[in-house]
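What follows is a short report on a single structure.
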Amino acid sequence: MPELPEIETVKRTLEPLICGTTIIKSQIIRPEIVAHPGAAEFRERICNQRIAATGRRGKYLLIHLDSGDTLIAHLRMTGRMLCTPPEHPLHPHTHAIFTLDNGRELRFADTRRFGRLWLLGAGESDDFSGIHRLGIEPFDQAFGAAYLKEKLSRRHIAIKQGILDQSVIAGLGNIYADEVLFAAAVAPFRRTDSMTDTQWQSVAAAICPILNSAISRNGTTFSDYLDGAGREGENMPYLQAYKRAGRACNRCGETMVRTKIGGRSTFYCPNCQK
DNA sequence: AGATGCACCTGTATGC
DNA sequence: TGCATACAGGTGCATC
């Protein structure tokens, strides 16, 4: 599922449902989805903690607790974190349930079981979740064409792989990488060491508008993704590149093409993306 | 060091 | 119908 716009939507939709509540019971149904600390310690330590705020870093969802502990979640491909009334039917791959003192449940479900949870203590250094390796947030003021060029222009990789590299820029995934390169009119296989300054400008300038318009539509759902309240995203019909192979390019009319870059399905216009 | 490919899982779609 | 294969929003690790 979830790239930056989807996690941001989960963060925003969970916020009013869980902030200020206390976790009065926690069940870990599948211990292996807890990456740190051990599942038993995780379950015990999170109990009786009050939820202070929700946050996001790259594609990581953060739930800050009053004690200074942070519940970190990564939903990977098919994960969901949602707050529901307890009578709501259980997703068949529900791996953790946190009962809140407002009568609702915060549930983590993930069909493919790639998703992970971490509980980080106040002041504990995080060398394991992957957050420490993340690059800049796209909405950071320091992000721009100069940053991207500096980080990528000496590497010999396709630009699509460059903007998918979470240690360069945090939050883009397979859908929005294709959308960004379509908007920038840059071919996804263009090598980062052959990009012009104009192309660096176009790519950098496309990123925030693409992410913001997806956020404004609550993200993109094509199969599994739901927000924190269990609603689908509405951005799918607005995609210009992803999944559009065989259809006319919305800019020039040429037939859109699908290929593979770095093992990932990639959609682009062979005429107007250079 | 940097680039590439595969492993981790389950579910769905497609073709024979 | 049954079976084999390919593919899916992500990341980490082994290997060259």
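The sequence lines fix the lettering, A, B, ..., with proteins before strands; numbering per chain opens at 1. Quantities reported herein were computed from a predicted structural model and do not represent experimental measurements.
- When rounded to the nearest whole Å, the span between CG of A/Leu134 and P of C/dG12 equals 9 Å.
- Counting only residues at least two apart or in different chains, side-chain hydrogen bond (donor to acceptor under 3.5 Å, both in side chains) contacts with residues 242-251 of chain A comprise A/Gln240-A/Asn250.
- The ring of A/Phe114 does not lie on top of the base of B/dC9; it is either too far (5.5 Å or more) or too tilted (30° or more).
- Using a 4.0 Å cut-off on heavy atoms, the residues of residues 148-168 of chain A that approach DNA chain B are A/Arg155, A/His156, A/Ile157, A/Gln161, listed by number.
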Donor-acceptor contacts, no H, no angles, side chain residues 31-41 of chain A, under 3.5 Å, sequence neighbours left out:
unit_1  : atom_1 : unit_2   : atom_2 : d
A/Glu32 : OE2    : A/Arg30  : NH1    : 2.6
A/His36 : NE2    : A/Glu124 : OE2    : 2.8
A/Glu41 : OE2    : A/Arg45  : NH1    : 3.0

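- B/dC9 and C/dC3 are spaced 24 Å apart, taking the P atom of each and rounding to whole Å.
- In this entry the distance linking CZ of A/Arg76 with C1' of B/dC9 reads 12 Å, nearest Å.
- Between A/Lys59 and C/dG9 there is no side-chain N or O to OP1 or OP2 distance below 4.0 Å.
- Rounded to whole Å, atom C1' of B/dC8 lies 17 Å from atom CG of A/Leu75.
- Between A/His93 and B/dG11 there is a side-chain N or O to OP1 or OP2 distance below 4.0 Å.
- Sorted pairs that involve residues 143-175 of chain A and meet ring pair (Phe, Tyr, Trp, His ring centres under 6.0 Å), not counting sequence neighbours, are lacking altogether.
- Residue pairs meeting the ring pair (Phe, Tyr, Trp, His ring centres under 6.0 Å) criterion with at least one partner in residues 164-204 of chain A, sequence neighbours excluded, are A/Phe189-A/Tyr268.
- At a threshold of 4.0 angstrom between heavy atoms, the contacts of A/Arg133 are confined to the sugar-phosphate backbone, with no base atom among them.
- For residues 134-145 of chain A, every residue pair satisfying the salt bridge (Lys or Arg N to Asp or Glu O under 4.0 Å) rule, not counting sequence neighbours, is listed here: A/Arg56-A/Glu137, A/Arg57-A/Glu137.
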Listed pairs, N/O of protein and of nucleotides 6-8 of chain C, under 3.5 Å:
unit_1 : atom_1 : unit_2   : atom_2 : d
C/dA8  : OP1    : A/Arg258 : NH2    : 3.3
C/dA8  : OP1    : A/Ser265 : OG     : 2.0
C/dA8  : N3     : A/Arg112 : NH1    : 3.3

Original post:
Pairing of DNA chain B as dot-bracket, 5' to 3': ( ) intra-strand, [ ] crossing, | other strand, . unpaired, with Watson-Crick or G-U pairs under 3.5 Å?
Top reply: .|||||||.|||||||
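- The interatomic distance linking A/Asp110 (CG) with C/dG10 (P) rounds to 13 Å, in whole Å.
- Applying the side-chain contact (heavy atoms from CB on, under 4.5 Å) criterion to A/Ala122, with sequence neighbours excluded, gives no partner residue.
- Rounded to the nearest Å, the gap between the P atom of C/dT5 and that of B/dC6 is 16 Å.
- Atom pair A/His95:NE2 and B/dC9:P shows a separation of 11 Å (rounding to whole Å applied).
- Listed pair A/His74 / C/dG10 fails the phosphate criterion, with no side-chain N or O lying under 4.0 Å from OP1 or OP2.
- As rounded to whole Å, 10 Å separates atom P of C/dG10 from atom CG of A/Leu172.
- A/Leu100 places none of its side-chain heavy atoms less than 4.5 Å from the side chain of A/Thr22.
- Remark: P of B/dG11 and OH of A/Tyr225 are 22 Å apart, rounded to the nearest angstrom.
- For A/Arg43, the side-chain contact (heavy atoms from CB on, under 4.5 Å) partners at least two apart in sequence or on another chain are A/Ser26, A/Ile28.
- We find that CD1 of A/Ile261 is positioned 13 Å from P of C/dG9, with the value rounded to whole Å.
- Evaluation of the side-chain contact (heavy atoms from CB on, under 4.5 Å) rule for A/Arg133 yields no partner, not counting sequence neighbours.
- Spacing between C/dT11 and B/dA1 at atom P, rounded to whole Å, works out to 23 Å.
- A/Thr13 places a side-chain N or O within 3.5 Å of a backbone atom of A/Gly228 that can act as its donor or acceptor partner.
- With sequence neighbours left out, the side-chain contact (heavy atoms from CB on, under 4.5 Å) criterion links A/Pro85 to A/Glu87, A/His88, A/Arg104.
- Counting only N and O atoms by type, the side chains of A/Asp224 and A/Thr78 include no donor and acceptor under 3.5 Å apart.
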